[in-house]
> 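Shown below is the structure under consideration.
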There are 2 protein chains.
Amino acid sequence: MTNSSRAAYHHGNLVEELIAATIGMIEEKGVDAVSVREAAKRAGVSPAAPFRHFANKTALMTAVAEQAMGRLTLSVQQELSATGDADPVEGLRAIARGYLAWALANPTHFDVIASRTVIDFHGSPKLTGETEAIRLVMLDLIARGQASGRISAALAPDALMLSARAFIYGLCRMWIDGHFAEWHVEKPAGQAMAEAVELFIDMIGGRHATNLSGT
Amino acid sequence: MTNSSRAAYHHGNLVEELIAATIGMIEEKGVDAVSVREAAKRAGVSPAAPFRHFANKTALMTAVAEQAMGRLTLSVQQELSATGDADPVEGLRAIARGYLAWALANPTHFDVIASRTVIDFHGSPKLTGETEAIRLVMLDLIARGQASGRISAALAPDALMLSARAFIYGLCRMWIDGHFAEWHVEKPAGQAMAEAVELFIDMIGGRHATNLSGT
DNA sequence: ACCGAATGTAAGCAGTGATTACATAGGAGG
DNA sequence: CCTCCTATGTAATCACTGCTTACATTCGGT
């Protein structure tokens, strides 16, 4: 009966409670204001106790990131499965929307995932694996889009892939990095970002013919 | 003769030497490993001395960021003036190239500018001003491109502007955040990023017609 | 019932940003 | 030349941090 809350010498489920306390601290004072001592205090435990479960602060933050990443991929996949797979471009649009929407709705969680200096991204199979999984889904969508002529075959898949990732990642990072502080006072930042996403996907879809001869 | 190096009780030009020491620390151990005590030690001065010139650690890091920003805008403007203003799209391409090239060549400096948690970006007129200046140049290029038909008028300037900024910012942040650790082993990350830039600018130029009717 | 493993505590170390009180140097004005 | 003010440095100290080591306690399997 490890689930009992006798709350004696042994805590019971310190791990999850430490993660929860950490998330609370992040939401209150930002990702840089996290301290494992404070997390221990909030869990009602000694300052050294967390180190029994996490080798160091980075490991604790990485655990938080893994939990956040799980929710992110869930959001993306839900958005993706809600879209039919008739048009690959719409699949890419769904991924972009899901990714952006989740980041806007959960800025603190996204902050943890994105702030690579405070987590051990490459040391976490879950983080690298789920990132790679999304990448492969996008690569498949691009390939199908080009096979059906929906995406120009002149666009190198690798470069297109990287462009799309950089775009959406940059958009989210600009958000959490505070780039929209004074921007677009007449228009909510979220709306501006959504419009940018639509424009970017439309560009991939090749909707905009111009005179290619230049000036 | 304040420039003399008598090196007595008063240091002479502690400010610049502290900034130099800070940059050295960043290049050695990363932006998060900076400590003002260590910077003071490297400058041969007491741990409290830096606080006579910088209100806090953030102010010191912001000074470093301002110096870095100056070099970034210089790089961008050089690349821009080296390109004729005949084709606005090529102007955008030049900005993107200059921005990316500088970030790749000076990752530590870019890291300081980008890591908004460690500097006071919005409190620095130089940082906000030079950022806004580049933004205005891009906005002008977009307007001219649309006026000449070189860029599709169907693309909302605001959204296009934001897309371009998010793209290039995301690319650079992916670089400094270590997203290219295992990627593209067969192809240098710098080359892959350059190709992504070319593709993105080409998309703005509308080079890629597809069947818009969908599948 | 016992014993080892898991999990907690207590105490302490080195390092951090920051503040306060005090010491020193240099330049302006008499 | 001397004095005084201000800029700039030092010394000492505080609260806090991540982390380690030695010790205490509890749980679970045999």
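Just so it is clear, the model here is predicted, and its values are computed rather than measured. In the text below, chain A, chain B and the rest are named by the order of the sequence lines, each starting its count at 1.
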> May I ask you to say what A/V15 touches in the nucleic acid, namely base, sugar-phosphate or nothing, with a heavy-atom cut-off under 4.0 Å?
nothing

> Do the rings of A/Y169 and A/F110 sit parallel, tilted or perpendicular, given the 30° and 60° boundaries?
tilted

> Starting from P on D/dT17, measure out to CG on A/L60 and report it in whole angstrom.
14 Å

> CD of A/E27: more than 12 outside heavy atoms within 6.0 angstrom?
yes

> Does the C/dG15 base have a donor-acceptor partner in the side chain of B/R37 within less than 3.5 Å?
no

> Measure CZ/B/F51 against P/D/dA11 and give the value in whole Å, please.
16 Å

> How many Å lie between NZ on B/K29 and P on C/dG15, as a whole number?
11 Å

> Measure the distance from CZ on B/F54 to P on C/dT19 and round it to the nearest whole Å.
16 Å

> Would you mind telling me which residue lines up with the more 5' stretch of DNA chain C, A/G44 or B/P47, judged by nearest nucleotide?
A/G44

> Among D/dG18, D/dT8, D/dT20, find the nucleotide with the atom closest to the side chain of A/V36.
D/dG18

> Quickly work out the A/M61 CE to D/dG18 P distance and round it to whole Å.
10 Å

> Measure centre to centre between the rings of B/F167 and A/F167, then say whether the value is under 6.0 Å.
no

> Side chain of B/V45: nearest nucleotide among D/dT8, C/dG17, D/dT10?
D/dT10

> Could you work out which one of D/dT10, C/dA18, D/dC19 sits closest to the side chain of A/N56?
D/dC19

> Just one of A/E90, A/E79, A/E198 clears the salt bridge (Lys or Arg N to Asp or Glu O under 4.0 Å) bar with A/R97, so which one?
A/E198

> Round to a whole Å and report the spacing from CG of A/N13 to C1' of C/dT7.
13 Å

> Choosing from C/dT20, C/dA10, C/dG17, which nucleotide comes nearest the side chain of B/K57?
C/dG17

> In whole angstrom, what separates B/L18's CG from D/dT8's P?
12 Å

> For A/D32 and D/dT17, what is the distance between atoms CG and P respectively, to the nearest whole Å?
14 Å

> Got a sec: does the CH2 of A/W175 have more than 12 other heavy atoms crowding it under 6.0 Å?
no

> Under 4.0 Å, counting only non-hydrogen atoms across every strand here, what does B/S46 touch: a base, just sugar-phosphate, or nothing?
base

> Tell me which of A/K41 and A/A55 sits closer to the 5' end of DNA chain D, going by the nucleotide each one is nearest to.
A/K41

